[in-house]
> 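Have a look at this one before I ask anything.
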Amino acid sequence: MKVLEMKDVGKVFYTKTQETQAVSHLSFDVNDGEFVSIIGPSGCGKTTVLSLVCKLLAPTSGQVVLNGNSRVGYMLQRDHLFEWRTIEKNVQLGLEIMHKLTPENKEYANGLLKKYGLWEFRKHYPSELSGGMRQRTALIRTLATNPDLLLLDEPFSALDFQTRLTVCDDVYDIIKKEKKTALLVTHDISEAISLSDRIIVLSARPATVVAVHEPHLSDIPSPLKRRESSDFAKQFELLHGYLHGDKS
Amino acid sequence: MKNNFTREHLLFLRRQRVRKTLIHVTQVGVLLLLLGVWELAALLGWIDSFITSSPSRIWKTLVELIADGTLWKHLWVSTWETLAGFAIGTGLGYAVAVVLWWNDFLKEVFEPYIVVLNSLPKIALGPIIIIWAGTGKASIVTMAVLISVVITTITILNGFLETDKDKELLLRSMGANRLQIFVKLVAPANVPTLLATLKINVGMAWIGSIMGEYLASKEGLGYLIVYGKQVFRLDLVMTCTVVLCALAGLMYALVSLLEKAVVKKY
């Protein structure tokens, strides 16, 4: 089942002096339960694509179709936890905004906190948590509203390399356990290969699909271990070629 | 004191304490030295204490003013005016900031007006205020409000506008409307800004109320100072000034306490 369909989407931004075609003729689908990554040269409008998907921006042309009542959860680069709220209250933020803070939903959010080792920190403030735990809290905040599609906007890029690898594993694990569909935007090719079922390579602005690549590494459960796979380097080079080959 | 500190740690803590005590002792010392020199100079006739007054004369005046109840009456009037100006100025300034944050169009329309109002020396409006609001407390409170309101709006609005745009994006991705963004994010994120503004406004409100009393009043510390000047009783002028210092300091200290209690979380 398709959760998301991008149909020939275009987006133009206007400023006083120019108009910028950020996205042009962009088409791709995301299927239920899939982990899809979008990579592209920096400044190619990856974040614009996510904003289009969660309807914060309207496309100039084409259509963004979310299947049925699919709801979207957005996870940003930094954790953006609210320092004045406890972990528990941070996790409930989305539910509050959507006026869905029912006992059942609270129970669900608490269940996620328990399941992923944050329950004993529920009364703590974000400043008392490590970077990895903060990011996990941010993910649980996104999951608490029970979205059908998770949008991840370089969620690991604010972390140092060591933390990043473990948090990446951690987040992947949680997403798989909760059986969520995810669309990740990243500039990190290794990250994309190790996490995804499918990688969509975008061109420089205006962004459009250059290639679609399937890493076929899903038989290895941990993204960290996938990095040790024999054809990881080859895949890396292939994708690197897609990203930089066009310029020559 | 816990016992599980290392010896070096205890030494470090001790040094910190000693330093802090030394600072406090020096602060009091400076004050005592100033008062001492002043008193001595007056006593030895280096300065004319009729013009400069002296600590002992200030003390005597203070005791007299307290004894006959004059001080409390005027002190209460000034404090009341200042608190009213402070509360109304801060509240109104905050409300205007909320409106301008809410509506970009209004913000751009009123930007130049705010800039002009901010640069305008509010004292210049004194005569107009007196004619419009009379010579009573109303015009003095108005003065205190005018002096604090514009700076409040500017400071608070800047704080609002500098609120993390990504956090706003996060809320909008959850489907938040403008009110929710304000209540859940912008207002709490700017509690420290508000408290900083309160601190500024303590000073502003005192300037406003005392200036107002200079212009037209029948009571209050500012009135007492002007009266003292007219009848050339410098003791009275100095005493009132000292009382003002103490009051303003006390109010600032209270706001600081509030800040300490609240800001920790933000």
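Chain A is the first sequence line, chain B the second, and so forth, proteins listed ahead of strands; every chain is numbered from 1.
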> With a strict 4.5 Å heavy-atom criterion, list every residue of residues 161-173 of chain B that contacts chain A, or say none.
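Result: B:D164, B:D166, B:K167, B:L169, B:L170, B:L171, B:R172, B:S173.
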> Which bit of B:I181 comes within less than 4.5 Å of chain A, counting heavy atoms only: side chain, backbone, both or neither?
neither
> May I ask you to name which of A:E83, A:E96, A:K55 has the most heavy-atom pairs under 4.5 Å with chain B?
A:E96
> Sort A:Y125 into side chain, backbone, both or neither according to what part of it lies under 4.5 angstrom from a heavy atom of chain B.
side chain
> Taking atom CH2 as the centre, does A:W119 end up with more than 12 heavy-atom neighbours from other residues, nucleotides or ligands that are less than 6.0 angstrom away?
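Yes, the 6.0 Å shell around CH2 holds more than 12 heavy atoms from other groups.
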> Using a 3.5 Å cut-off and no angle test, enumerate the donor-acceptor pairs between side-chain atoms of residues 98-110 of chain B and protein atoms at least two apart in sequence or in another chain.
unit_1, atom_1, unit_2, atom_2, d
B:N103, OD1, B:F105, N, 2.9
B:N103, OD1, B:L106, N, 3.2

> CZ of A:F13: more than 12 outside heavy atoms within 6.0 angstrom?
yes
> Examine whether an atom of A:L81 lies under 4.5 Å from a heavy atom of chain B, and if so say whether it belongs to the side chain, the backbone or both; otherwise answer neither.
backbone
> Can you list the residues of residues 20-29 of chain B that sit under 4.5 Å from chain A, counting heavy atoms only?
none
> Distance-only criterion, 3.5 Å: show the donor-acceptor pairs between side-chain atoms of residues 250-259 of chain B and protein atoms not counting sequence neighbours.
unit_1, atom_1, unit_2, atom_2, d
B:S256, OG, B:Y252, O, 3.2
B:E259, OE1, B:K199, NZ, 2.7

> Taking side chain as C-beta onward, heavy atoms only, is B:M174 less than 4.5 Å from A:R71?
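No - every pair of side-chain heavy atoms lies 4.5 Å or more apart.
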> Please check if atom CZ in A:R122 has more than 12 non-hydrogen atoms from other residues, nucleotides or ligands closer than 6.0 Å.
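For A:R122, atom CZ is crowded (more than 12 foreign heavy atoms under 6.0 Å).
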> Using the side-chain contact (heavy atoms from CB on, under 4.5 Å) rule, pick out the option among B:V191, B:V262, B:L185 that qualifies with A:W84.
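Looking at B:V191, B:V262, B:L185, the match for A:W84 under the side-chain contact (heavy atoms from CB on, under 4.5 Å) is B:L185.
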